[in-house]
Amino acid sequence: MRPLLSVVIPAYNEQEVIGESYRRLDKVCQELGKPYELIFVNDGSRDDTLKLLTGIARKDPRVKVVDFSRNFGHQAAVLAGLEQAGGQATVIIDCDLQDPPELIPEMLKLWEEGYEVVYGQRSERKGESKFKTFTAFAFYRILNWMTSVNIPKDTGDFRLIDEKVVRAMLSLKEKNPFLRGMVSWLGFRQTPIVFERAERFAGETKYPLKKMFKLAGDGIFSFSLMPLRIAYVLGCISLLGALVDLVVLIVRACQGLPLFSQVLYLVLFAAFGLVFLCLGILGQYIGRIYDEAKGRPVYLVRECIQYPEEAKEDEHEG
Ligand code: UDP
Ligand code: MG
């Protein structure tokens with residue numbers, strides 16, 4: 001039977017939480033009394049995540065496991081899950097229980113009222129470092145200032161989306177996907193649902209600084225040309241500065257005054273700094289164009305694991 005609800009859960013080295021995550025999600029979904037499926041995406045975990053997931057799938061035919069050939073990142077994992085989702089509505093949720101599964105019935109209610117995207121908006125972030133809270137706070141505001149797409153503040157990927165939106169998302173085919181930006185860009189009828197972001201159930205964050213930077217870069221450079229404009233303005237200012245400096249130098253030279261080497265250094269450093277900044281910004285875009293031109297897939301799947309009902313019964317008999 002076609003499920004009403006698909007739940008997509010990316011997992012990377014989550015052996016400590018996967019069992020509890022499945023239990024809580026399954027409980028919430030069962031209480032709905034509607035057909036559902038749980039799609040776990042194993043994003044190249046190096047611990048026992050896959051083993052545990054296979055065990056769960058063996059017992060529950062509603063569980064599907066997509067196993068990546070290596071770690072392709074959270075956003076790729078979510079996309080792979082969406083590709084597999086067959087429900088009329090799909091919920092994307094982290095595996096560490098920071099996003100409460102108990103919010104799903106409320107999300108479904110809003111969906112039934114006609115909203116096509118119901119996104120979780122964090123009112124509070126528990127158990128996260130001041131650094132993370134601050135960088136997230138700043139990032140969402142800078143992103144919004146820079147982009148023409150209105151990406152809701154304090155919103156992660158925890159959301160319910162209608163199948164129409166899933167189809168539209170999959171049609172975008174971006175190589176450096178920034179899903180929350182893409183969903184905003186798509187439009188459709190969207191509404192927030194406010195929740196308190198809980199502490200991670202167990203384990204540590206799988207988003208180290210490097211991955212956070214990558215995600216922030218994808219958000220900014222995939223959705224805004226503002227950095228290019230900033231580079232342009234900076235270039236103009238530095239040229240103007242150089243011009244003024246030239247005039248001053250000529251005047252001082254005519255008057256026979258000593259030319260301060262410090263001033264020279266300052267100008268030199270400022271000019272180099274600006275040039276490299278602009279090159280870096282250009283590089284970000286060229287890199288993205290390069291990625292698109294190569295046309296490589298965003299992720300590779302080793303296998304999809306799902307045990308049909310019969311297999312489960314056979315096993316019991318045997
Ligand atoms: N994740 C993933 N691939 C990665 C990093 C993270 O699939 O390369 C998953 C992770 O298992 C979790 C979700 O993405 O389900 C969010 O990661 P995490 O909770 O570590 O991020 P945080 O909440 O600390 O930002
Ligand atoms: Mg988390």
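Every number for a ligand or one of its atoms is a count from 1 in the order of the listing. Because the structure is a prediction, the values reported are computed rather than measured.
- Residues Asp26 and Lys59 are not paired through a salt bridge, judged by the lack of any N-O separation under 4.0 Å between the basic side chain and the carboxylate.
- A continuous path of Ile, Leu, Val, Met, Phe, Trp and Tyr side chains, each step under 4.5 Å between heavy atoms, connects Phe178 with Ile161, placing both in one hydrophobic cluster.
- Using a cutoff of 4.0 Å between basic side-chain nitrogens and carboxylate oxygens, Glu102 and Arg24 are scored as salt-bridged.
- Ligand 1 lies under 4.0 Å from heavy atoms of Pro10, Ala11, Tyr12, Glu14, Asp43, Asn71, Gly73, His74, Asp94, Cys95, Asp96, Gln98, Lys132, Arg197, Arg200, Thr205, Lys206, Tyr207, Lys211.
- Taking the ring centre of Phe139 as origin, the terminal cationic atom of Arg141 falls outside the region bounded by 6.0 Å and 45° from the ring axis.
- Looking at Glu16 and Arg200, no side-chain N of the basic residue comes within less than 4.0 Å of a carboxylate O on the acidic one, giving no salt bridge.
- Look at Arg23 and Glu20 and you find a salt bridge, because one of the NZ, NE, NH1 or NH2 atoms lies within 4.0 Å of a carboxylate O, short of that distance.
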* Asked: Step by step, would you call Gln88 with Trp111 a side-chain contact (heavy atoms from CB on, under 4.5 Å)?
  -> CA-CA 10 Å; Gln88 292 173 43; Trp111 171 70; 3.8 Å; yes
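- Using a distance-only test at 3.5 Å, with no hydrogens or angles considered, a donor-acceptor pair links the side chain of Lys206 to the main chain of Glu204.
- Of all protein atoms, those that are N, O or S and lie under 2.8 Å from the Mg ion (ligand 2) total 2.
- Using modelled atom types and a 3.5 Å distance limit, the side chains of Ser123 and Glu196 yield no donor-acceptor pair.
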